[in-house]
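Down below is the structure, laid out as structure tokens.
Remember, it's 1-based here, ligands and their atoms both numbered in the order they're listed.
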Amino acid sequence: MTTIQDRVKQAFVERVGSEPSLVVRAPGRVNIIGEHTDYNDGFVLPMAIDRAVYIALRPRHDQYVIVESLDFDEIAEISLIEMVHRPPEWSEYVRGVAWAMQEAGMMLSGWEGVVAGDVPIGAGLSSSAALEMATARAFAAVSGLTWEPAWIAKIGQKTENLWIGVNSGIMDQLISAAGRAGHALLIDCRSLETQAVPLPPDTRIVVLDTATRRGLVGSAYNERRQQCEAAARHFGVKALRDVTPEMFAEREHELDDVTRRRARHVITENARTLAAAEAMRRGDAVELGRLMNESHVSMRDDFEISREEVDAMVACAQAHDASFGARMTGGGFGGCCVALVRAADAQTFAADVAACYTQATGLTPTIYVCEATDGASVVETLAS
Ligand code: GLA
């Protein structure tokens, strides 16, 4: 089978007429627990997955990036001197990263490349963060810059916030930049410190794509963010991370019902995420699964970011014998769920849950049994 790595290399040779000098890779992610906590300075526990964006490239001797996308069958030409918004849309992520790196004072060299990936787009697995981090990895390599994941992740977040216009947190870029094979990362989104925690023995992480896509996600996401910020202001703290369960219990009656529930989700989710990392360190799959189930209820009832199909998928997954727990993952309003399952039964689980979900909704899901992989890296250097 031809890998994506081979495909981008072959396409590079066909278009440019010589070998690329390197290939970079940056993965998508699935968040095991810790949802909508990142922009509250809280904790998240994502893992980088074996679905990624690859770029085959070689440096150019001018200030241009010429990049072809095999997935969109389009070529984009980007001037590093004159940074302006231009179609096609996918290349805005490449352009935005170049803009943010230059804004941060980095001297960038141009390159010629071919990009392709297998992170499903818009499914909540961070295809855009993967493209951003692959782009940053490419620039770092051709421009001789050191790869500092936390710093580079901030560049990616700045791209999203200021170039693309989505007010997202740091999680997706940081896990794509810093992921570790076989592990999830407990990320403190205030200090940006990461700790690798191993997956419980004999378990697998399964991603369940509901085949529903989020509509109007930007506005709903930003609205949740504003509600959290309003709650933090009420408590007189910088972010909801600073509100302990005790502080919340004492003063929750002062908040209106919606703000109270939004805050309760974030405060309890932070506690669950820390407890989940502890459970993983102990190899306690049962406890981790229980926390994932609780997280789903909190997202559904307090944060209100689930939907009928997502709840149906979670119900199918939780009811299966091989499952320890399941929840929606990512920003919400559709996309993917994540389940922790017994490794030996992962394939049966995938087939049974797919059938259960189709029966319940009439939709055909896509199910991936995932591996935890390393974050963005140069995967191949060719002598040319
Ligand atoms: C999206 C954002 C992240 C994070 C999650 C919710 O993936 O990009 O920063 O806020 O939603 O946990």
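The contact set between ligand 1 and Tyr39, taken as ligand atoms under 4.0 Å from a residue heavy atom, comprises 10 (O). Each of the atoms 6 (C), 12 (O) of ligand 1 lies under 4.0 Å from some heavy atom of Glu35. Close contacts between ligand 1 and Ser168 involve ligand atoms 2 (C), 8 (O), 9 (O) [criterion: under 4.0 Å to a heavy atom]. Heavy-atom proximity to Asp38, at under 4.0 Å, picks out these atoms of ligand 1: 3 (C), 4 (C), 9 (O), 10 (O). Every atom of ligand 1 is numbered from 1 in the order shown, and the set under 4.0 Å from a heavy atom of Gly169 is 9 (O). Using a 4.0 Å cut-off to heavy atoms of Met171, the atoms of ligand 1 that qualify are 4 (C), 5 (C), 12 (O).
Polar contact check, Arg29 against ligand 1: a nitrogen or oxygen pair lies under 3.5 Å apart. Checked against a 3.5 angstrom limit, the closest N/O atoms of Asn31 and ligand 1 fall outside it.
Summarising the contacts of atom 7 (O) of ligand 1 with Asn167, Val166, Asp172, the nearest heavy atom is found in Asp172.
Closest to atom 10 (O) of ligand 1 among all protein heavy atoms lies Tyr221 OH, 2.6 Å. Among all protein heavy atoms, the one lying closest to atom 11 (O) of ligand 1 is Gly331 CA, 3.3 Å.
When non-hydrogen atoms are compared, ligand 1 lies under 4.0 Å from neither the backbone nor the side chain of Arg225.
No donor-acceptor pair under 3.5 Å is formed between the side chain of Asp209 and the backbone N or O of Pro365. For Asn293 (side chain) and Arg290 (main-chain N/O), no donor-acceptor pair under 3.5 Å exists by modelled atom type.
In the model, Asp6 has a side-chain atom that pairs as donor or acceptor with a side-chain atom of Thr3 under 3.5 Å. If you check the side chains of Thr373 and Arg51, you find no donor sitting under 3.5 Å from an acceptor. Inspection of the Asp311 and His296 side chains reveals an N or O donor paired with an N or O acceptor under 3.5 Å.
Atom CD of Glu254 has more than 12 neighbouring heavy atoms from other residues, nucleotides or ligands inside a 6.0 Å radius.
Using a cutoff of 4.0 Å between basic side-chain nitrogens and carboxylate oxygens, Arg327 and Glu35 are scored as salt-bridged.
Note on ring orientation: taking the six-membered ring where Trp is involved, the planes of Phe303 and His265 are tilted (angle from 30° to 60°).
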